[in-house]
Amino acid sequence: MPLRMSSLFLRTLREDPVDAELPSHRLLVRGGYIRRAAPGIYSWLPLGYRVLRNVERIVREEMDAMGAQEVHFPALLPREPYEASNRWTDYGPSIFRLKDRKGADYLLGPTHEEMFTLLVKDLYSSYKDLPLSLYQIQTKYRDEPRPRAGLLRGREFVMKDSYSFDVTDEAFLQSYEAHRNAYIKIFDRLGLDYVIVKAMSGAMGGSASEEFLANAVNGEDTYVRCSGCDYAANVEAVRVAVPPELPYDDVPAAHVEDTPDTPTIQTLVDHLNDAFPRDDRKWAAHDTLKNVVVMVVHPDGTREPLAVGVPGDRDVDMKRLQAQLEPADAEPFTDTDFAAHPTLVRGYIGPGVLGAKNPSRIRYLVDPRVVEGTRWVTGADVDGSHVIDLVAGRDFRADGTIEAADVREGDSCPVDGAALVLARGIEMGHIFQLGKRFAEALGLQVLDENGRLVTVTMGSYGVGVSRAVAALVESSHDAAGIIWPREVSPADVHLVATGKEPEVYETAERLTAELETAGLTVLLDDRRKVSPGVKFTDAELIGVPTIVVVGKGLADGLVEIRDRATAGRDDVPVGSAADQLTRLLRQDPSPPSS
Ligand code: ATP
Ligand code: MG
């Protein structure tokens, strides 16, 4: 049955919704695909639900093809498994929690590692049962701090999540590779322009992970790729290129100098060049070591100050810092915090008071570029003075390193040293090498070939299914509306009948029936009292990639085939239109790539 615009549950809007900033959000609401129910929570209307199911179909076909088996878990889950993995606490305010009538704790699943682990533990016990990959396409709940951009960052959203179970690490790597390849097929079929980048594992723990990012100017993720090799990483996961250690036998002893009124790096550098000019070159911001103190808030609420030392020409990137500290959070150090730590002299904080071994016991982590032998100007912990020629390894030692300095275009690649390029993307998928974290926490063991109990090695793999709907619109739209890739379009053909003559509508009905017989889905604009202008505007907004117009040309026996993406138009005899369309859409089942 065609979708008839005369009765379709659809109201397109001419005005942008006030809360919508991104094209995908605007166009999906205006095109009658989704409606907001609450912040970050959306209802799917008929056209939107068709697109969503098309994305699901692609995901399902590729997961089935790689041998994963589909299951379906509840979204309403008991607390205990999440307690056992520590994620009841680690997720902090990001999970929706609720109580049943008896007062027992429940949550709405943000992701399902625990439940899958327990299910497999429940039923399997031998190496002979593995490898195993299970998946589901299911609604997830996360109380995101900043729900944003419609479907892109929802508080309720649809995710495909899968989990692999293996006896050995080698076998696991095969499961991981199989998932990675399935993801490549999925995102190729969706027609997204994407990159695979190294990523952080966040609350998931585990050893390594990769993200599939759709290139998008409006993406929330920033990633780097190397101009020389294939290194690519989410900015949060970038490892800086560590310089070699330097000899420091010739470096004079560190000396404290008066540097009045130099609380910022720029004022300090200017003062150094005035009062302590160098022979070889001018002092620069990168000669200084900037120590930034933050308050780390652990999931259980405990607070702990942390000092981060970065070269003075860089800032601490809070997103990078937070990614390193997860599941803990980092907050700015407040006036009250400074008052409680009088050894910290704001603007003049130095390694003299930092580190577990110093009286303040404030943990001190430095940028990996602060290697042994590097020479710094930094705070002397006294108002208006700095210490010069302070050598790392000789004069101070941090408690460790941390990747928290901002990453810039042109920074060196950690693999081959070539310049890094920055770009933005939307995270579409994420694949994790979980290792044994969940299997250990929940006791998932099987007997190996020698009859010994071994802990199972797991992987976890997610695709943002509802997010994909929005990401596709971000990557494929114009001023007039959406341009769907064929594979996910709500219909194959949008057939627009224009005019008053009954013949137009009869022909449109006949052509629709022919197309449907040939296996194509048709969105038929059979509205009688609507002007052609409104119909065309709607067709462009809705974004079915092939539009067929039955109207004026019919007097000459012609209908018009329009390509939504290229705006190309072609008049064809009405008698051969169905054949031509079928051939056109069959020969090019793949979506037009952007
Ligand atoms: P993000 O960094 O964007 O918050 P995440 O790393 O927390 O995502 P994962 O736990 O890796 O997300 O979830 C797997 C996939 O689910 C993500 O790659 C993304 O496509 C999708 N996803 C995650 N959070 C949301 C959300 N709030 N709304 C829509 N899709 C989401
Ligand atoms: Mg992720």
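The shown structure was predicted, so the numbers you read here are calculated from the model rather than taken from an experiment. Order of appearance sets the numbers: ligands from 1, and atoms from 1 within every ligand. One-based numbering along the sequence shown. Side chains are part of it too, since the values below use all heavy atoms of this structure and drop only hydrogens, waters and symmetry mates.
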> Taking atom NE2 of His477 and atom CZ of Arg26, what is their separation to the nearest 0.5 Å?
Replying inline: 7.0 Å
>> Could you tell me, atom by atom, which parts of ligand 1 come under 4.0 Å of a heavy atom of Met159?
In response: 13 (O), 14 (C), 16 (O)
> Between Phe116 and Phe73, is the gap from one ring center to the other below 6.0 Å?
Replying inline: yes
>> At less than 4.0 angstrom from any non-hydrogen atom of Met428, what atoms of ligand 1 do you find?
In response: 18 (O), 20 (O)
> Would one find an N or O of Ser466, backbone or side chain, under 3.5 Å from an N or O of ligand 1?
Replying inline: no
> Centre of Trp88's six-membered ring, under 6.0 Å away, within 45 degrees of the axis: is that where NZ or CZ of Arg97 sits?
Replying inline: yes
>> Distance under 4.0 Å to a non-hydrogen atom of Glu144: what atoms of ligand 1 satisfy this?
In response: 24 (N), 26 (C), 27 (N)
>> With respect to Glu211, determine whether any N or O atom, backbone or side chain, lies less than 3.5 Å from an N or O atom of ligand 1.
In response: no
> At under 4.0 Å between heavy atoms, which part of Arg153 makes contact with ligand 1: side chain, backbone, both or neither?
Replying inline: both
> Do His430 and ligand 1 have an N or O pair less than 3.5 Å apart?
Replying inline: yes
> Taking the Mg ion (ligand 2) as the center, what protein N, O or S atoms are found at less than 2.8 Å?
Replying inline: Glu427 OE2, His430 ND1
> Between Gln433 and Ser209, does a side chain to side chain contact (heavy atoms under 4.5 Å, CB included) hold up when you go through it step by step?
Replying inline: CA-CA 6 Å; Gln433 307 197 356; Ser209 82; over 6 Å; no
> Below 4.0 angstrom, N of the basic side chain to O of the carboxylate: do Lys290 and Asp313 qualify?
Replying inline: no
> Considering all heavy atoms of both residues, which atom of Glu540 and which atom of Ala480 are nearest to each other, and what is their separation?
Replying inline: OE1-CB, 3.6 Å
> Which is it for Glu210 and Lys198 under the salt bridge (charged side-chain N to carboxylate O under 4.0 Å, His left out) test, yes or no, and what are the steps along the way?
Replying inline: CA-CA 5 Å; Glu210 289 174 292; Lys198 292 188 177 31; 5.8 Å; no
> Going by the atom numbers of ligand 1, which of them fall below 4.0 Å from some non-hydrogen atom of Gly429?
Replying inline: 18 (O)
> Sub-3.5 Å donor-acceptor pair from the side chain of Thr12 to the main-chain atoms of Gly31, do we have one?
Replying inline: no
> So is Asp161 in contact with ligand 1, going by heavy-atom distances below 4.0 Å?
Replying inline: no
>> Less than 4.0 angstrom from a charged side-chain N to a carboxylate O is my criterion; do Asp317 and Lys319 meet it?
In response: no
> Just by distance, do the side chain of Lys99 and the backbone of Tyr106 share a donor-acceptor pair under 3.5 Å?
Replying inline: no
> Using 4.0 Å as the upper bound for N to carboxylate O, is an ion pair formed by Glu487 and Arg189?
Replying inline: yes
> Hey, is ligand 1 close enough to Gly464 that some N/O pair sits below 3.5 Å?
Replying inline: yes
> Taking atom 7 (O) of ligand 1 as the point of reference, which of Glu236, Arg142, Glu220 owns the nearest heavy atom?
Replying inline: Arg142
> What part of Leu152, side chain, backbone, both or neither, has a heavy atom within less than 4.0 angstrom of ligand 1?
Replying inline: backbone
> Can you check whether Gly154 has an N/O within less than 3.5 Å of an N/O in ligand 1?
Replying inline: yes
>> Just checking Glu409: does its CD atom have more than 12 heavy atoms from other residues, nucleotides or ligands closer to it than 6.0 angstrom?
In response: yes
